[in-house]
Participant: 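One structure, pasted below without further comment.
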Amino acid sequence: MTMHLHTTGIARAKPGAPAPPPPELSPPPRPRHPSRDVEGKKTAARPLFDPAIVKPAIVAAFRKLDPRHQARNPVMFVVLAGSALTTALFVHALLSEREGEEPAGFILAVSLWLWFTVLFANFAEAVAEGRGKAQADTLRKARRDVEAVKLARPERDAERVAVPASSLRRGDLVLVEAGAIIPGDGDVVVGVASVDESAVTGESAPVVRESGGDRSAVTGGTRVLSDWLVLRISANPGEAFLDRMISMVEGAKRKKTPNEIALDILLAALTIVFLLATVTLLPYSVFSVRAAGQGTPISITVLTALLVCLIPTTIGGLLSAIGIAGMDRMIQANVIAMSGRAVEAAGDVDVLLLDKTGTITLGNRQATALLPTDGVEARALADAAQLASLADETPEGRSVVVLAKEKYGLRERDLSALGARFVPFSAQTRMSGVDSGAREIRKGAFDAIEAYVKEKGGAVPSAVRAATEAIARKGGTPLVVAEGGEVLGVIHLKDIVKGGIKERFGDLRRMGIKTVMITGDNPLTAAAIAAEAGVDDFLAQATPEAKLKMIRDYQAGGRLVAMTGDGTNDAPALAQADVAVAMNTGTQAAKEAGNMVDLDSNPTKLIEIVEIGKQLLMTRGALTTFSLANDVAKYFAIIPAAFVSTYPALGRLNVMGLATPRSAVLSAVIFNALIIVALIPLALRGIRYRSVGAERMLRRNLLVYGAGGLIVPFVGIKGIDLLLSALGLV
Ligand SMILES: Nc1ncnc2c1ncn2[C@@H]1O[C@H](COP(=O)(O)OP(=O)(O)OP(=O)(O)O)[C@@H](O)[C@H]1O
Ligand SMILES: [K+]
Ligand SMILES: [Mg+2]
């Protein structure tokens, strides 16, 4: 590859430009859950019950009464059937001459509250969906149908025709010039430009997109700010990244996750057991009354109320909202999950693979010292190091040029005037350099340079080896510089472990999650950084293949693995990982292979993602516990009341001192409906997340939600009963 100087108007941090500001230890505070407004600016989080969401949700709650919708949820389907049945009983009681099974007013009250129960559950789901839809609308604004300039050949001045963006197919070539909206997802084939991606990412700083490498993917709906790009469209209409994001966010494509299906089966089984138990009570009650010659058999209205109170309506009504809300919390963290399954897997993850540079460290490795070997002038080393770095656009390369200038007064040179050929850095070769006339200079990892000089018939002096080891032990990255077969010295690259990261890893450990640091660096540096950052394990001198193998090995051991990646060479590992977060700045291949996209392209986000997944699972677990405990308590409230007419002796069991049997039944039904509404905020926000051990968390949740579930109904039902009597309603 020959040296290519960009003649574009993009401001780039060129070597020799003022030194970058010193790295901050803690990044500037960001709103924890930013959402985006129309301009793509981040705004404060949406309030839980935004009227713009609540109003349509109320309408949707009625629309969702459709039995076909309810059939997806066996628990609520039974409640719906009960509502219809009691409505029919009420109509019958009104019309018939004879005295009905219960007073019409009582049947009506029970019936209405059963309808409310279904509506409240529908409302919970609709609010959760509405929050997603609001996000989708913001995204949709970015997907306007624009005019595209289609090219015949991948060249800027090829023949062109104007076509609507919606007609573009995969493989079409288009030209996008400064100021224009990118008409579809694609890869840059020619050109380099700065792009405003705020419509998708909410991030206002422009990004550079160019052909080749890991910054070639562009997203439809974003805008070219300067220069021009020739793109090859990578998605057919309706299949673009933005389309997929919108349908995911809206929940249109939301399928039940395996965990949800398992829980559904359990809830359905419980419902069937209670249904059978309640149904058999009727003939039993009739028979007992006949045999005793006194009392009245239990009414169908009361039996229906009993059934609804016993089946797990709390969790049945909130289950879907909890799942959607989990997805929504991901979106608020600027992460688009491609499936609910991925969000759940995030909660079950037990191994996190994290890159060292940029994730665990600040990723701004700076050259801080040049250590020449014996017999080499410091200035000669600086000269070679600078020459090998002039065209090296990595932070490492740029910092070498800066150091050479600041410490040795070396001015920048024009590589193309020297007729030099730049050899770029790659993760495979782990070196970079320049061929200029007779000079052949390389800088890179110790073993890479060792192999290089050996091939030229040279050897690495032992002093250089000692110097690299000393740097590595301090957590620095040594770059060995060689010219031809001769080693000139070592560059000390310093990187800083991010502030607070050790605590995050401690939190993860308490949650039972193992953290593994992956790095292309040597084992000594890796060990030093691993110790400083407090990770559990590390993989040094890692290649993409080694990464893939590591994931497979963990999975073979029954573990769920999460990782982030952005490069095309990360794609196989991303496809293999259970939770795979692709950076939005990454390549199309990485995004296709992953099951989540982080719009902020922040590799540390993985930790937050796992926390959101855990929170989802914990919320579901806690509310299931609460729901089941809650039903047990209702059993004690309602059974004595329901059967006191059949067995007057049961009156003694009325420990709660409820006013009348009918008041007891009605209070239990009302409580059963209201508890769903009361728990909507918890279902949507998720229970407060604490990074204590899984076992302690479980114990705590059992205590809070299990004991709470037992106690709350007694208080609630008694309260409603008192209110009903005070109002003279029963
Ligand atoms: N610009 C460069 N020129 C020459 N050699 C480099 C350059 N950047 C890094 N190296 C060498 O290549 C090795 C691997 O770098 P690479 O960026 O692949 O891994 P890493 O940054 O340590 O890990 P990761 O980026 O996966 O967290 C480094 O340890 C260093 O020795
Ligand atoms: K119930
Ligand atoms: Mg790197």
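Atoms within a ligand are numbered from 1 in the order they appear, just like the ligands themselves.
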Participant: Please work out whether any backbone atom (N, CA, C, O) or any side-chain heavy atom from C-beta onward of D521 is under 4.0 Å from ligand 1, and answer side chain, backbone, both or neither.
Facilitator: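 Near ligand 1, D521 shows its backbone as well as its side chain.
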Participant: Check L493 against ligand 1 and report side chain, backbone, both or neither, counting heavy atoms closer than 4.0 Å.
Facilitator: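 Neither part.
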Participant: Assess R365 for proximity to ligand 1: is some non-hydrogen atom of it under 4.0 Å away?
Facilitator: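 R365 counts as a contact of ligand 1 under the 4.0 Å cut-off.
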Participant: Mark up the atoms of ligand 1 that fall under 4.0 Å of a heavy atom belonging to A445, in ascending order.
Facilitator: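 Atoms satisfying the 4.0 Å criterion: 31 (O).
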Participant: Return yes when at least one N/O/S atom of T314 is nearer than 3.4 Å to the K ion (ligand 2), and no when none is.
Facilitator: no
Participant: Please check this pair: side chain of S399 against backbone of A367, looking for a donor-acceptor N/O pair closer than 3.5 Å.
Facilitator: yes
Participant: Taking all non-hydrogen atoms of both residues into account, name the closest pair between A542 and I518 and its distance.
Facilitator: CB-CG2, 3.6 Å
Participant: Any idea which atoms of ligand 1 are less than 4.0 Å away from a heavy-atom of K356?
Facilitator: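 Those of ligand 1 that fall under 4.0 Å from K356 are 22 (O), 27 (O).
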Participant: Please report the closest heavy-atom contact between A420 and V434, naming both atoms and the distance.
Facilitator: CB-CG2, 3.8 Å
Participant: Restricting to N/O/S atoms, is N630 within less than 3.4 Å of the K ion (ligand 2) or not?
Facilitator: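 So N630 does not count as coordinating the K ion (ligand 2).
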Participant: Using the rule side chain to side chain contact (heavy atoms under 4.5 Å, CB included), only one of L114, I717, V308 pairs with V669; which is it?
Facilitator: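 Answer to the side chain to side chain contact (heavy atoms under 4.5 Å, CB included) test with V669 among L114, I717, V308: L114.
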Participant: Identify, by name, the N, O or S atom of D631 lying closest to the K ion (ligand 2).
Facilitator: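 For D631, the N/O/S atom sitting closest to the K ion (ligand 2) is OD1.
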Participant: Which atoms of ligand 1 have any heavy atom of L479 under 4.0 Å away?
Facilitator: 5 (N), 6 (C), 10 (N), 11 (C), 30 (C), 31 (O)
Participant: Where the side chain of D598 meets the backbone of N602, is there a donor-acceptor pair that is under 3.5 Å apart?
Facilitator: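 At least one qualifying donor-acceptor pair exists.
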Participant: For ligand 1, which atoms, with element, lie under 4.0 Å from some heavy atom of T394?
Facilitator: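 By the 4.0 Å cutoff, the relevant atoms are 1 (N).
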Participant: With only distance considered, is N522 within less than 3.5 Å of ligand 1 through an N or O on each side?
Facilitator: no
Participant: Any donor and acceptor pair, going by atom type alone, linking the side chain of Q70 with main-chain N or O of K64 inside 3.5 Å?
Facilitator: yes
Participant: Which atoms of ligand 1 are found less than 4.0 Å from any heavy atom of M431?
Facilitator: 4 (C), 5 (N)
Participant: Using a strict 4.0 Å cut-off to heavy atoms of D392, name the atoms of ligand 1 that fall inside it.
Facilitator: 1 (N), 2 (C), 3 (N)
Participant: What is the minimum heavy-atom distance between A526 and F538, and which atoms define it?
Facilitator: CB-CD1, 3.6 Å
Participant: Backbone or side chain, does any N or O of G520 fall under 3.5 Å from an N or O of ligand 1?
Facilitator: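 Yes, there is a polar N/O contact under 3.5 Å.
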Participant: Main chain of P424, side chain of D392: is a donor-acceptor contact present, judged purely on distance under 3.5 Å?
Facilitator: no
Participant: Is there a donor-acceptor pair under 3.5 Å between the side chain of T359 and the backbone N or O of K356?
Facilitator: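 Here the side-chain-to-backbone pair does not exist.
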Participant: Have a look at T477, T357, V481, T543 and point out the one with the heavy atom closest to atom 21 (O) of ligand 1.
Facilitator: T357
Participant: Calculate the angle formed at the K ion (ligand 2) by O in V308 and O in I311; 10° precision is enough.
Facilitator: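 The angle at the K ion (ligand 2) comes to 80°, rounded to the nearest 10°.
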Participant: With side chain to side chain contact (heavy atoms under 4.5 Å, CB included) as the test, would you mind laying out the steps for D537 and M517 before giving the verdict?
Facilitator: CA-CA 6 Å; D537 202 354; M517 182 184 89; over 6 Å; no
